Chemist: 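The structure is given below, and queries will be raised subsequently.
As the structure is a computational prediction, the values presented were derived from the model and not from experiment. In the text below, chain A, chain B and the rest are named by the order of the sequence lines, each starting its count at 1. Just so you know, these numbers use all the heavy atoms, side chains as well, and skip hydrogens, waters and symmetry mates.
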Protein chains: 2
Amino acid sequence: MKGIIFRFGLLAFALLALFQLSKYTLIAPGFSDELWIAIFATLFLTLGFVMSRQLRKNAANDAIDDIDSSRVEELGISQREYEVLVQIATGKSNKEIADTLFVSESTIKTHVSNLLSKLDARRRTQAVTRAKELRILK
Amino acid sequence: MKGIIFRFGLLAFALLALFQLSKYTLIAPGFSDELWIAIFATLFLTLGFVMSRQLRKNAANDAIDDIDSSRVEELGISQREYEVLVQIATGKSNKEIADTLFVSESTIKTHVSNLLSKLDARRRTQAVTRAKELRILK
DNA sequence: GTTGGACCGGTACTTAAGTACCACCGCCAT
DNA sequence: ATGGCGGTGGTACTTAAGTACCGGTCCAAC
């Protein structure tokens, strides 16, 4: 954030310096004021555009980062339980989750049951929506 | 989209016209070139910022609009079935959906069963993920 | 006017999900 | 070394979900 402002500020300064150089030296002494205005208008319009995009992209990345938060630990959800939660969100059955995680269906049932109580849900579908509300799932 | 470009183009034109007026008339004939450049740089930097934001907002709205597409009809999903699908996605049970839609649980079961076959899913959780893949649910 | 689809509701059934225990193992912290 | 915790797995059970029919109403299109 601060880095972006610094870099774009530097760029703006460089452009103004370029103007000084070009006006009083050999490069383009004959340019009219209107032309200069037009050039700088275009330049800074573009600059504003790019800056805005950069800032947005940064904000978006931050948002993605804090979607998966450390709230999982606060809820007392263990590593394995979270893995099961992710599998539930993809729409798999207990048997299918058991197969992908190489454990028995009984184990998955235990994990799911623990997840439901920790997420304060009564159904696996509700657990998924709760998890998204709590920003621990995409 | 075209409206935004038109409006901002008009705004840019107005600013340049303002420059012409102010330079050769009574308002501010004594301003130096550097000052003018600085003023226009700031103005157009802001303009670029605002334009970019407007365009982004528009794009976001478009994206939300085409998330709910007419693919629902292609799949032969009826109005009522879609309502049930939305309710499923919130994590409600058949009984809860029945209560909110003022029908019996049997009816909801029928709708859910039809939805599952139309969405090619075997569980309601899978139906939700399928629906999101098909962009008929947020 | 009858055919078709959407909607509602029911019965009877199978299967999946969820609950409530219990037990065993491995770890690591007190 | 003992207690707690995470992970695993089991049994026995209840409840929810899903399937496969059926019948009925309403409405629009042919």
Chemist: Starting at the 5' end of DNA chain D, which residue's closest nucleotide do you reach first, A:Ser106 or A:Lys118?
Modeler: A:Lys118
Chemist: So, the side chain of A:Glu96 versus the backbone of A:Lys92: is there a donor-acceptor pair under 3.5 Å, distance only?
Modeler: no
Chemist: Quickly work out the B:Gln87 CD to D:dA17 P distance and round it to whole Å.
Modeler: 13 Å
Chemist: Write down the distance between CZ (A:Arg123) and P (D:dA16), rounded to a whole number of angstrom.
Modeler: 8 Å
Chemist: Does C:dG18 have OP1 or OP2 sitting under 4.0 Å from an N or O in the side chain of A:Ser113?
Modeler: no
Chemist: Checking contacts here: which listed nucleotide (C:dG18, D:dA16, C:dT11) is nearest the side-chain heavy atoms of A:Leu116?
Modeler: C:dG18
Chemist: Do B:Lys118 side-chain atoms and B:Gly76 backbone N/O form a donor-acceptor pair below 3.5 Å?
Modeler: yes
Chemist: Can you see if the side chain of A:Arg124 gets near the phosphate of C:dG18 - specifically, an N or O under 4.0 Å from OP1 or OP2?
Modeler: yes
Chemist: Give the nucleotide from the list C:dA17, C:dC7, C:dG10 with an atom nearest to the side chain of B:Ser104.
Modeler: C:dG10
Chemist: Report the distance from atom CD1 of B:Ile97 to atom P of C:dC8, rounded to the nearest whole Å.
Modeler: 13 Å
Chemist: Which of the following nucleotides, D:dG18, C:dC8, D:dG10, is nearest to the side chain of B:Val112?
Modeler: D:dG18
Chemist: Tell me whether the side-chain N/O atoms of B:His111 come closer than 4.0 Å to OP1 or OP2 in C:dC7.
Modeler: no
Chemist: For B:Glu74, is there an ion pair with B:Arg71 - N to carboxylate O distance below 4.0 angstrom?
Modeler: no
Chemist: Rounded to the Å, how far apart are A:Arg122 CZ and D:dT14 C1'?
Modeler: 16 Å
Chemist: Could you check how far CD1 of A:Ile108 sits from P of C:dT19, rounded to whole Å?
Modeler: 15 Å
Chemist: Taking CD1 from A:Ile88 and C1' from C:dA16, how many angstroms apart are they, rounded to a whole number?
Modeler: 13 Å
Chemist: So, A:Thr90 side chain and A:Gln87 main chain: donor-acceptor pair closer than 3.5 Å or not?
Modeler: yes
Chemist: Side chain of A:Arg80 only, please: which of C:dC8, C:dA17, D:dT8 is the nearest?
Modeler: D:dT8
Chemist: Indicate whether OP1 or OP2 belonging to C:dA17 is found under 4.0 Å from a side-chain N or O atom of A:Asn94.
Modeler: yes
Chemist: Could you walk me through whether A:Leu134 and A:Arg130 pass the side-chain contact (heavy atoms from CB on, under 4.5 Å) check?
Modeler: CA-CA 6 Å; A:Leu134 295 168; A:Arg130 279 282 299 152; 3.8 Å; yes
Chemist: At less than 4.0 Å, is any side-chain N or O atom of B:Thr107 found next to OP1 or OP2 of C:dC7? Yes or no.
Modeler: no
Chemist: Between A:Gln126 (CD) and C:dA17 (C1'), how many Å, whole number?
Modeler: 14 Å
Chemist: Hey, does A:Gln79 reach any base, or is it just sugar-phosphate, or nothing, if we go heavy atoms under 4.0 Å?
Modeler: sugar-phosphate
Chemist: Quick one: is C:dA6 close enough that its OP1 or OP2 comes under 4.0 Å of any side-chain N or O from B:Ser78?
Modeler: no
Chemist: In this structure, how many angstroms lie between the C1' atom of C:dC7 and the CD atom of B:Glu81, rounded?
Modeler: 10 Å
Chemist: Do the side-chain N and O atoms of A:Thr110 and A:Thr107 include a donor-acceptor pair separated by under 3.5 angstrom?
Modeler: no
Chemist: Could you pick out which residue, B:Leu101 or B:Lys109, lies toward the 5' side of DNA chain C when each is mapped onto its nearest nucleotide?
Modeler: B:Leu101
